[in-house]
There are 2 protein chains.
Amino acid sequence: MSIENKKSAKPDARSKLLEAALSVIRMKGYTATTVDDLCKAAGVTKGAFFHHFSSKENLAVAAADFWSETTGAFFENASFHSPEDPLDRVLAYLDFRKAILQGEMAEVTCLVGTMVQEVHDTSPVIRDACNRSITGHAGTLVADIAEAAELYGATLPGGAEGLALHTQAVIQGAFVLAKAGNDVRLAANSIDHLKRYVELLFGRT
Amino acid sequence: MSIENKKSAKPDARSKLLEAALSVIRMKGYTATTVDDLCKAAGVTKGAFFHHFSSKENLAVAAADFWSETTGAFFENASFHSPEDPLDRVLAYLDFRKAILQGEMAEVTCLVGTMVQEVHDTSPVIRDACNRSITGHAGTLVADIAEAAELYGATLPGGAEGLALHTQAVIQGAFVLAKAGNDVRLAANSIDHLKRYVELLFGRT
DNA sequence: GACGACGTACCGACCAGTTGGTATGTACTT
DNA sequence: AAGTACATACCAACTGGTCGGTACGTCGTC
């Protein structure tokens, strides 16, 4: 305690619940995850849960936002931003997405992609939170794609945004097939094809 | 009734429940769909439900198999098989997938893709049923893709199977983004990119 | 009259959310 | 410096309703 900063760095009930939500919901899905499940995983009581979140739905929205933050920081600090050539950065991003396809399914797949399929017409607030997360992450790719398009003189059908969203669709779809086949590595197939597509689009051999 | 054939053509409780499962589960997801929901949608009682299906999980497996049958027949009778050129058939398939992106979200999206994300590590039997459905549908594309690869002298990274599975991954991912953005037409973006990829792979302008 | 195809009524377990409380800090008053 | 008032963070026990599944009765057909 002694010298404690104003925010964060303290594993309080709220952040423990959010961490728990990421792993438990990714494993069991949103609906199948009970509030008690989350409390047990976080090591807190139900009272603490409803002190910090007004409802289970409210926690899901917070979890999606938390997911955006943590993954945002993760990708921001990753190494694929270093190449000078913007196209190389895009391809390095895809290599990175492929490289992190290791470990348990729940550690690899996407929280918001899983949730939004379940709740897309039962909970608009969760759906919107998931949409913000996906489009937000896609947005981090737009600048590099647009720069590469200009540099290589490539005309993109749906613009840089369209291609950025497509990369996310492919990755989400890769997770669906990986889950169906119960093997994380199955997702690599589609990322390989996506990389090939980008190379062909921009005229790389 | 009078002259009734041995199978089908009679809207009995079992098939009404399967039909109901397709629409209700696609809307609400598997876990959020209750047995009572299905009974109400099918217009039957709970007794009828458990007469035909030993459990909710058992119904989900049957629904996934039923989904394979109905979609299998739907695509088999579709018009995209007519072109002589196998590549044209593949591209016509993609055009067809794009053309049917109309109407309500639940009428457009994929039952097994939705279910498998939810239950992939809570119900192996449902997961396997979903996997059979997806890989089975992908299998119907392999022959055309392989034929096109030979005809156009294209070498496919992961073989014809790999590309066939990739098409399904893209379509599944397109549904995820469409649900997130709450607009069926958002799925068209990725199908456009996928078609472009296939054209580039096989050397079409 | 036996059997398959349902319907009705019900059960125990579980689930989201509530209630009422305790412990600790903090700001304001005197 | 001490006391008062209030807010925050959390806990344990409980509640009303829901869920998957069961028990058993009934109807129609062979």
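Residue numbers start from 1 in every chain, and the chains themselves are labelled A, B, ... in the order their sequence lines are given, proteins ahead of strands.
- In this structure, the side-chain hydrogen bond (donor to acceptor under 3.5 Å, both in side chains) partners of B:Arg132, at least two apart in sequence or on a different chain, are B:Asp65.
- As a whole-Å value, the separation of A:Asp36 CG from D:dC14 C1' is 13 Å.
- Using a cutoff of 4.0 Å between basic side-chain nitrogens and carboxylate oxygens, B:Asp88 and B:Arg204 are scored as salt-bridged.
- Ion pairing between a basic and an acidic side chain is recognised when a charged N comes within 4.0 Å of a carboxylate O; B:Asp12 and B:Arg14 show no such pairing.
- A cation-pi arrangement is not found for B:Lys56 relative to B:Phe49, the charged atom failing to lie both closer than 6.0 Å to the ring centre and inside a 45° cone about the ring normal.
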Quick one: which protein N/O atoms are closer than 3.5 Å to N/O atoms of nucleotides 24-30 of chain D? Pair and distance per line, please.
none

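- Within residues 52-65 of chain B, the residues that have a heavy atom under 4.0 Å from DNA chain C are, in order of number, B:His52.
- Remark: P of D:dG20 and CZ of B:Phe50 are 7 Å apart, rounded to the nearest angstrom.
- Across the protein-nucleic acid pair, A:His51 atom NE2 and D:dC11 atom P stand 11 Å apart, rounded to whole Å.
- Using a 4.5 Å cut-off on side-chain heavy atoms (C-beta onward), B:Leu141 and B:Gln168 make contact.
- Regarding A:Phe49, its CZ atom lies at a distance of 18 Å from the C1' atom of D:dA13, rounded to whole Å.
- Between A:Lys98 and A:Ala188, the shortest heavy-atom distance links the atoms CE-CB, 4.0 Å.
- Here the range on DNA chain C touched by chain B, meaning any atom under 4.0 Å from one of its heavy atoms, is C:dA5 to C:dT8.
- Here the P atom of nucleotide D:dA9 and the NZ atom of A:Lys16 are 14 Å apart, to the nearest Å.
- Applying the salt bridge (Lys or Arg N to Asp or Glu O under 4.0 Å) test to A:Arg89 and every residue at least two apart in sequence or in another chain returns A:Asp144, A:Glu147.
- B:Val184 pairs by the side chain to side chain contact (heavy atoms under 4.5 Å, CB included) definition with B:Leu101, B:Met105, B:Val108, not counting sequence neighbours.
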